[in-house]
Amino acid sequence: MNKGLLLCTVVVLMTGLVGCGTATPQPTATLTARPLPPSTATATPTPTDTPPPTDTPTATPTPEPTSTPTLTETPTPTLTPTPAETSTPVVELTPIGAITADRIGEEVMVEGAVVGTASFSAGFKFTLDDGTGQIVLLMWHNVYDDCWDAAEINLGAKVQATGAIGQHEGELQIQPDYGGDVKAIEGAAAWATPREIGSLTGDDEKQRVMIEGEVVRVEGLSSAVKVFVSDGTGETLVFVWRNVLDRIADNTALGTPGSHVRVAGTVEVYKGNLEIVPTLPNDVVVLGMP
């Protein structure tokens, strides 16, 4: 088929023409519009009133669960064992007459009346008598100073003492370690009327007397002091060792002329002169100061 015939066929198919060649004018077809089917109007629905908004309920907070407390176990108290009572060894009272040299070092307890006193550079001595014998109670300065009953321990007192048995130059002694080891069961007896100083003579040597008067003057020595006392009937020297002086209450009054004092001591004769020597600190009492 040639190209001209093919083209004619295509035209005929498209225009409805019968033949190819010179086109015969055809009446123009009037196109009548086909009416559209009536459209059915879709009714717009009447809007329904929108219900008022419902208040959103406030959410009630859910309480947090309370934690169940953990039970703490009550600790079982630990029972402390009660220590067994330790029995304090009882020291029985020993008759002084039963104390002998073969018991040196043994600790004993004795009771007796003070029948003698003495002082030395490191302490004081008291001779105790219980009716079965006598023994020296030796109190070093630290023991004497620590003894609450020291003021009552003097001639005539009844004393209980605990200590080790010792010996010095053949003399048996009781040596307590502490002041509490010595107790006054009965205090020393009070003095009666003091002696007039003018009445003292050499015949009173080694006798224990008591005087009362005023300090006239004082002289100091390295190991003692000399206090001159007058009562209007006479004047005498009171010789006080330093270890005694240091323990006398209000001892500064002894250096003040006019101070009123009471002194108990042993009468001694030294180079032809009478003097009174107090043995213990409580043998000197200051009654007043000017």
Side-chain angles (χ1 to χ4, degrees), residues 114 116-126 139-157 159 179 182 184 186-290:
V114 178
T117 61
S119 66
F120 63 105
S121 60
F124 304 99
K125 294 180 179 182
F126 305 86
M139 297 180 70
W140 303 103
H141 282 155
N142 64 311
V143 175
Y144 183 85
D145 295 341
D146 187 48
C147 180
W148 285 19
D149 293 344
E152 301 178 55
I153 300 175
N154 211 322
L155 289 171
V159 175
V182 183
E186 296 177 8
W191 279 89
T193 305
R195 286 276 301 270
E196 290 184 347
I197 294 175
S199 69
L200 298 176
T201 66
D203 294 337
D204 295 312
E205 186 177 10
K206 303 301 179 182
Q207 298 298 311
R208 185 173 170 85
V209 299
M210 183 180 71
I211 63 167
E212 189 174 315
E214 293 185 352
V215 174
V216 178
R217 65 186 186 279
V218 62
E219 296 178 5
L221 304 174
S222 60
S223 59
V225 292
K226 294 180 178 181
V227 182
F228 294 87
V229 179
S230 174
D231 66 352
T233 67
E235 180 181 300
T236 189
L237 165 63
V238 176
F239 188 90
V240 186
W241 292 104
R242 287 283 180 180
N243 70 316
V244 175
L245 175 67
D246 292 342
R247 291 167 173 80
I248 295 174
D250 301 322
N251 57 10
T252 55
L254 300 180
T256 306
S259 294
H260 192 191
V261 297
R262 179 187 298 143
V263 180
T266 303
V267 178
E268 302 286 352
V269 178
Y270 181 72
K271 294 183 177 181
N273 297 317
L274 291 178
E275 57 186 31
I276 298 175
V277 183
T279 305
L280 302 173
N282 292 296
D283 286 341
V284 181
V285 180
V286 176
L287 300 175
M289 294 181 63

May I ask you to test the Val277-Glu275 pair for a side-chain heavy-atom distance under 4.5 Å?
yes
Worked verdict on Lys226 versus Val238 for side chain to side chain contact (heavy atoms under 4.5 Å, CB included)
CA-CA 6 Å; Lys226 294 180 178 181; Val238 176; over 6 Å; no
Note, Thr256 side chain near Pro290 side chain (heavy atom, < 4.5 Å):
yes
Measuring from atom CD1 of Ile153 to atom CG of Asn282, what distance do you get when rounded to the nearest 0.5 angstrom?
9.5 Å
Please find the pair of heavy atoms, one from Cys147 and one from Met139, that lie closest to each other, and give the distance.
CB-CE, 3.9 Å
Measure from the side-chain N and O atoms of Asp146 to the backbone N and O of Gly179, and report whether any donor-acceptor pair falls under 3.5 Å.
yes
Which value, rounded to the nearest 0.5 Å, describes the distance between Glu235 atom CD and Leu200 atom CG?
12.5 Å
Note: Ile197 and Val229 closest approach over all heavy atoms is CD1-O, 3.5 Å
Of all the heavy-atom pairs spanning Val286 and Ala249, show the shortest one and how long it is.
CG2-O, 3.8 Å
Checking the side chain of His260 only, and the main-chain atoms of Gly288 only, is there a donor and an acceptor separated by less than 3.5 Å?
no
Quick one, Phe239 with Leu221, criterion side chain to side chain contact (heavy atoms under 4.5 Å, CB included). Give me CA distance, side-chain angles, the key distance, then yes/no.
CA-CA 10 Å; Phe239 188 90; Leu221 304 174; 4.0 Å; yes
Does Asn154 reach the side chain of Thr117, with side-chain heavy atoms less than 4.5 Å apart?
yes
Give the minimum heavy-atom separation between Ala157 and Ala188, together with the two atoms involved.
CB-N, 3.6 Å
Nearest 0.5 angstrom please: Met210 CE to Asp283 CG, how far?
11.0 Å
Shortest non-hydrogen pair, Thr279 vs Ser119, comes out as O-CB, 3.4 Å
Please assess Ile276 against Ile211 for the test side chain to side chain contact (heavy atoms under 4.5 Å, CB included), listing each intermediate value before the final yes or no.
CA-CA 9 Å; Ile276 298 175; Ile211 63 167; 3.7 Å; yes
Closest approach of Ser121 and His141, non-hydrogen atoms and distance?
O-CE1, 3.0 Å
For residues 260-270, which residue pairs pass the salt bridge (Lys or Arg N to Asp or Glu O under 4.0 Å) check, not counting sequence neighbours?
Lys206-Glu268, Glu212-Arg262
When rounded to the nearest 0.5 angstrom, what is the spacing between NZ in Lys125 and CG in Leu280?
13.0 Å
Should the ring pair Tyr144 and Phe126 be called parallel, tilted or perpendicular, given that the plane angle runs from 0 to 90° and is split at 30 and 60?
parallel
Separation of Trp140 CH2 from Phe124 CZ (nearest 0.5 Å):
12.5 Å
Which of Val218, Val225, Leu245 passes side-chain contact (heavy atoms from CB on, under 4.5 Å) with Leu254? Answer is Leu245
Kindly indicate whether the side chain of Val227, heavy atoms from C-beta on, has any atom under 4.5 Å from the side chain of Val215.
yes
With a 3.5 Å distance limit and no angle check, can you tell me whether Asp246 reaches the backbone of Asn243 through a side-chain donor-acceptor pair?
no
Run the side chain to side chain contact (heavy atoms under 4.5 Å, CB included) check on Val269 and Leu274 step by step: do they pass?
CA-CA 5 Å; Val269 178; Leu274 291 178; 3.5 Å; yes
Here the gap from Arg195 atom CZ to Arg208 atom CZ, rounded to the nearest 0.5 Å, amounts to 14.0 Å
Determine whether more than 12 heavy atoms belonging to other residues, nucleotides or ligands lie under 6.0 Å from atom CD of Glu205.
yes
